[in-house]
Amino acid sequence: MKKQLINSMILGMAILTIISCGKKKDFETTPTGLKYKFFTQNEKGLKPRLGDFIVVHMVGLTSKDSAFFDTYRDKKPFTISVIEPTFKGALEEGFMMMAEGDSASFVVSADSLFLRTFQTPLPEFIEKGSSMTFTIKMVDIMTQDEMQKKMDKESEEMKNLELDILKNFKSSYPTKLEETSDGLLYEVLTRNEKGAQASEGDTVEIHYTGTLLDGTTFDSSLERGEPISFPTGKQMVIDGWEKALKLMHVGEKYKVIIPSWMAYGPRGRGEKIKPYSTLVFEMELLKIKKH
């Protein structure tokens, strides 16, 4: 705790130093109207090109100096694909002015930033016609190939970690879990082998509850009081569901443990389902309507 407090104090002092230094230097303006000032600059350093990826720490302030965006608060830099400027004087132009290790501030139109870059309406708490200031620290610059290699490495590391977690989960599970050849784990909670099975294109009706491995519920048709129905084989649900439904008979209830590569993978979904999350579902097949 003491070490974290010291690190936070050092970070805060660094930000204050940048801001105070910035007051001693006026903003300059590019031909497109982008206002900027550098605090540290390596003029001979390589700048990002279109299509590259940059890793930045960034603080975005409204005209009233309230923080709209702050990667330091989240303790994680932000990765951005470098694209053509979305308007004259856009932040993307500023990215391409910076080399690795540079720090600078840029002032952009709030209206244009939201309407053209974010393609969303201007939030109510930001004044129409005002400007926003972004203070940026360029942490890293990567080509598309370098970015792909980094993603592949991270994906492999996360998959190996997930496999270890699944192995421990399986070994500590109170009963023996069945496993398919592609890694789907399941337990038959209610068996009815005389019930019908769905063929591709059939519409199924199911009740389900979805949780994370730690038991956190993220979705449940039972809580809503209404089952869901959908045609199988149409990629309307995650792959793990499709595989589980091929095993089930009407009237059966399964507990299914679905690895991330059969669920939402490296993208995750929403706030609760993080990237590379293994999901647990209790699924009950209620009806089948033949196509």
Side-chain angles (χ1 to χ4, degrees), residues 1 3-4 55 74-77 79 142 145-193 195 197-198 200 204 206-223 227-228 230 232-286:
M1 179 65 73
K3 184 177 180 182
Q4 290 178 343
V55 181
D74 300 331
K75 299 179 182 179
K76 185 178 181 181
T79 301
M142 294 176 286
D145 286 344
E146 290 170 337
M147 183 64 181
Q148 187 61 54
K149 288 178 181 178
K150 179 183 177 182
M151 292 173 63
D152 290 344
K153 181 181 178 182
E154 290 179 352
S155 178
E156 187 66 24
E157 290 173 350
M158 292 300 294
K159 185 171 182 179
N160 288 335
L161 177 61
E162 185 181 7
L163 287 171
D164 287 340
I165 293 172
L166 277 169
K167 183 178 179 180
N168 292 332
F169 180 86
K170 184 180 178 182
S171 63
S172 62
Y173 198 76
T175 60
K176 183 179 179 181
L177 289 168
E178 302 293 331
E179 184 171 0
T180 64
S181 59
D182 43 16
L184 183 75
L185 298 171
Y186 66 95
E187 176 189 6
V188 182
L189 302 177
T190 303
R191 193 178 295 276
N192 181 27
E193 294 182 350
Q197 287 186 288
E200 186 169 318
V204 296
I206 69 168
H207 258 313
Y208 70 94
T209 296
T211 68
L212 305 178
L213 279 179
D214 64 6
T216 302
T217 300
F218 57 82
D219 193 13
S220 174
S221 65
L222 291 168
E223 289 182 2
I228 68 166
F230 55 89
T232 61
K234 304 296 182 181
Q235 297 183 328
M236 296 184 68
V237 294
I238 58 175
D239 192 37
W241 271 29
E242 294 280 9
K243 293 180 183 299
L245 286 166
K246 289 179 180 179
L247 303 172
M248 298 178 69
H249 300 76
V250 170
E252 289 189 331
K253 182 186 291 186
Y254 275 40
K255 174 172 277 191
V256 185
I257 295 88
I258 303 177
S260 66
W261 59 88
M262 297 183 207
Y264 298 104
R267 303 185 311 278
R269 188 180 187 187
E271 293 184 1
K272 291 186 177 180
I273 303 178
K274 304 299 183 183
Y276 301 100
S277 290
T278 297
L279 306 181
V280 180
F281 286 94
E282 283 197 8
M283 305 171 63
E284 183 178 5
L285 181 54
L286 303 174

Checklist entry - So do L222 and Y208 actually touch side chain to side chain, heavy atoms under 4.5 Å? => result no
Checklist entry - Does the ring center of Y276 lie less than 6.0 Å from the ring center of W261? => result no
Next on the checklist: Quick check for you: to the nearest 0.5 Å, what is the distance between Y264 atom OH and I273 atom CD1?
Outcome noted: 5.5 Å
Next on the checklist: Do M262 and K243 have side chains that approach each other closer than 4.5 Å (heavy atoms only, starting at C-beta)?
Outcome noted: yes
Checklist entry - Would you call E200-K234 a salt bridge at under 4.0 Å N-O? => result no
Item to check | Pairwise distance CZ(R269) to CD1(I238) - rounded to 0.5 angstrom | outcome: 9.0 Å
Checklist outcome for this item: Smallest heavy-atom separation, V256 atom then A244 atom, equals CG2-CB, 3.9 Å
Item to check | Flag, side chain of T278 to backbone of P259, donor-acceptor distance under 3.5 Å | outcome: no
Checklist entry - Taking atom CG of D219 and atom NZ of K272, what is their separation to the nearest 0.5 Å? => result 9.0 Å
Checklist entry - Residues two or more places apart in sequence or in another chain: which of them pass side-chain hydrogen bond (donor to acceptor under 3.5 Å, both in side chains) with E284? => result none
Checklist outcome for this item: On a heavy-atom basis, the closest approach of L279 and A263 is CD1-CB, 3.8 Å
Checklist entry - Using the ring of each side chain (for Trp, its six-membered ring), is Y186 parallel, tilted or perpendicular to Y254, with breaks at 30° and 60°? => result parallel
Item to check | Donor-acceptor contact below 3.5 Å, side chain S172 vs main chain N168 | outcome: yes
Next on the checklist: Between T211 and T217, is there a side-chain heavy-atom distance shorter than 4.5 Å?
Outcome noted: yes
Next on the checklist: Rounded at 0.5 Å granularity, tell me how far CZ in F281 sits from OG1 in T209.
Outcome noted: 9.5 Å
Item to check | T180 vs L247, side chain to side chain contact (heavy atoms under 4.5 Å, CB included): CA-CA, chis, key distance, verdict | outcome: CA-CA 10 Å; T180 64; L247 303 172; 4.2 Å; yes
Checklist entry - Do the side chain of E162 and the main chain of S260 share a donor and acceptor less than 3.5 angstrom apart? => result yes
Item to check | Residue pair K150 / V55: nearest heavy atoms and the distance that separates them | outcome: NZ-CG2, 4.5 Å
Item to check | Chi angles and distances behind the side chain to side chain contact (heavy atoms under 4.5 Å, CB included) call for I257, L166 | outcome: CA-CA 9 Å; I257 295 88; L166 277 169; 3.8 Å; yes
Next on the checklist: Hydrogens and angles aside, do T190 and E252 bring a side-chain donor and acceptor to less than 3.5 Å of each other?
Outcome noted: no
Checklist entry - With a 4.5 Å limit on heavy-atom distance, are the side chains of L212 and V280 in contact? => result no
Checklist outcome for this item: Interatomic distance, NZ@K255 vs CD@E282, rounded to 0.5 Å, equals 5.0 Å
Checklist entry - Are the side chain of E242 and the backbone of G233 linked by a donor-acceptor contact shorter than 3.5 Å? => result yes
Checklist entry - Ignoring hydrogens and geometry, is there a side-chain-to-backbone donor-acceptor pair from S155 to M151 under 3.5 Å? => result no
Checklist entry - Using 4.0 Å as the upper bound for N to carboxylate O, is an ion pair formed by E157 and K159? => result no
Item to check | Counterpart residues, side-chain contact (heavy atoms from CB on, under 4.5 Å), relative to K149 (two or more places apart) | outcome: none
Item to check | NZ on K153 to CD on E156, rounded to 0.5 Å | outcome: 11.5 Å
Item to check | Stepwise side chain to side chain contact (heavy atoms under 4.5 Å, CB included) check, L185 with E178 | outcome: CA-CA 6 Å; L185 298 171; E178 302 293 331; over 6 Å; no
Item to check | Full working for side chain to side chain contact (heavy atoms under 4.5 Å, CB included) between T79 and M147 | outcome: CA-CA 10 Å; T79 301; M147 183 64 181; 3.6 Å; yes
Checklist entry - Any side-chain heavy atom of L245 sitting closer than 4.5 Å to one from M283? => result yes
